[in-house]
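So the structure is just underneath, and the comments pick up after that.
Only a predicted model underlies this, so the values are computations on that prediction, with no experimental measurement involved. These numbers come from the heavy atoms of this one structure, side chains and all, not from hydrogens, waters or symmetry mates.
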Amino acid sequence: MSIFSKVLEATEAKLDSMIEKSKSAPADEGMERKGIIDLSYPEDEQYGYKERPGMVGAQILKSMGRKDSVIRSIISTRLAQVKPFTKPQQDKYTEGWIVEPVEPADLSEEDKMKLADPTLDDETYKALKYEMDQKLSKMKMKQDKEMKEVAEFVQHSGMSSEETDTTHKRWDLDKMVASIVEDRLTYNYIAIELIPTKDGSKLHHYYPMSAGTIKYVSARAAAQYQKLLQQETLRRDAMKKRFDASKPLKYVQVVRGRIVAAFTEDELIFEPATPTVDPEDNGYAPGELEYLINIVTAHLYAEAHNRNFFTQGIGTKGILHIKGNNLSRAQLEAFKRQWFNQVVNTRNAFRPPIIGMADDVKWVPLAQTNREMEFEAWMNYLIKICCAIYQIDPAEINFDISKVQTSTLQEGNNEEKLKNSRDKGLRPLLDMIESIINNHIVRYWNPDYAKKYKFKFVGFKAESRSQEIDRLQKEVMVYKTLNEARIEMGKAPLEKGDVVLNATYTQYLSQLQQQEQAAQGQMGPEGDPNAQGDGQGSETDQGMSSDMQDLSSALDEAVGEAADQADKDSKQAAQDEKDKAKVDATKKSQASVIEYYLKKE
């Protein structure tokens, strides 16, 4: 019987068992899926775990990630980009992470309706308002306390902050993220072991594991492991549902071909970055390195070809073959002296040698031409393909190949390209880590907190203080009021700052004020159209003038900080320009001296 027939027979048997289970299942339970997403190969039962059919092994992927210079550069760059996000955010201008509530603390609709009751007198309203304020304050204090607990748990991987920060005890978030990012970019998987409390009621702490050593267990082997681990199973009988022994083993850790540990779904997180439902993949999702096998191989060959030139290549440029029937040994030695005196060293560069005494002189080149040795276009192609698969700009890994390519399209500047590159490659990577922490780790530790709070990476588009001031200056000229800008900056609002600082709008207000003043002057003090104004202006006119003065003062205060910052920036730019001019003058002077002595020689 062929392997295909065996697979078909096993698949039919599986479908029959699924149909029987669906018939006997209670009506309120969901039915199992009919489609299949993996295949059971005969060798899976032999080894006890599923292998990647038609794919390279974890050792080869690890070797590719460590030995190829381009892949290593990509992984190292992503590790460096991720690191600033592994610390708690200090302020809104920096990258980091925060824990925020899904819904901020607020009064219930019933409490709000009580406060909005129009029948309440002043005394009753004040007492009720005080009571509600106290209630809201307690809710916020409780929320802050719980968010701090979540942050502490995530920051130290579940361990106490008093525990030593070592790889054998406590894994802080920065080391934890660095480890799983390395595995994600190498194996396309993230593996985290979940350690429960002694009674199994909840998650206690967690550690990263090498994703390259984790395999899906085969069905028959899972049942055998369950019997072999009977003692462990008995210990698990006291655990609660999430760590129940009745749950089958799903993963095994394989080191040097030997199974060393087995895990259920609740004991290990094993998540791919790009899931697959192709049955031929046997449950394993292929990653970037598996798509780049041919490209990485070609790059290694190209580097080895150039590297071998220094170990196996010929150093000389060629052979000078001299023909002559009457050429004596003394004449040959004299020619050698003349040749070296006229050609060798830099002073004789490009000077044509004049020789005689031979019937025929022939130059036999040994080195290849520059065009034959030129691998730049080929190497650039390989680099671009690697970067495209990993969603990273070559400039991010210090391969600026934009100078060697031309385009008829209008492209953005380099800063915009790098920003887009980080949005395509860095953000999905952090989103995956964020999802694992929220949907797995925090949920296993405290399901209630997982519903109320979420871990979040922030600062992707963090701007500096000067950039924020420049942006606010433009916004208050168009649609944002001065007070809105001040509140965003953390400043107290001004009494009369609810105005847009637009010159046209300010001029319009001034015209309205003049028209009102003119109308007041014609009407007279008591509204008599025949009476003339007293020339001193009404209280309304004085109020309008006061408003315009406050508006002008507010404008001066709003741009004051920006002006100071601009002055500092201009001084720094002037100093940088002065330093650059000194360096250029020094280089020019040195070049003049060198040129003088060369001419003198």
Test side-chain contact (heavy atoms from CB on, under 4.5 Å) applied to Met209 and Ile192, Ile269, Leu268, the passing residue: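 With Met209 as partner, Ile192, Ile269, Leu268 yield a single side-chain contact (heavy atoms from CB on, under 4.5 Å), made by Leu268.
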
Atom of Lys50, atom of Tyr284 and distance for their closest heavy-atom approach: O-OH, 2.5 Å

Tell me yes or no: between the side chains of [X] and [Y], is some donor less than 3.5 Å from an acceptor?
X: Tyr453; Y: Glu146; answer: yes
X: Glu149; Y: Tyr449; answer: yes
X: Thr77; Y: Glu396; answer: no
X: Thr274; Y: Asn188; answer: yes
X: Thr94; Y: Gln89; answer: no

Arg72 atom CZ, neighbour heavy-atom count above 12 within 6.0 Å: yes

Heavy-atom neighbours of Lys112 NZ exceed 12 at 6.0 Å: yes

Lys215: partners by salt bridge (Lys or Arg N to Asp or Glu O under 4.0 Å), with sequence neighbours left out: Glu51

Set of salt bridge (Lys or Arg N to Asp or Glu O under 4.0 Å) partners for Lys135, sequence neighbours left out: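 Salt bridge (Lys or Arg N to Asp or Glu O under 4.0 Å) list for Lys135, sorted by chain: Asp111.
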
Sub-6.0 Å ring centroid separation between Phe270 and Tyr189: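 Yes, the ring centres sit under 6.0 Å apart.
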
Aromatic centroids of Trp97 and Phe85 separated by under 6.0 Å: no

pair Ser157-His205: side-chain heavy atoms closer than 4.5 Å: no

Close side-chain approach of Val154 to Val99, heavy-atom, < 4.5 Å: no

Closer than 3.5 angstrom, by distance alone: can the side chain of [X] be matched with the main-chain N or O of [Y] as a donor-acceptor pair?
X: Asn438; Y: Glu434; answer: yes
X: Asp172; Y: Lys175; answer: no
X: Ser179; Y: Met176; answer: no

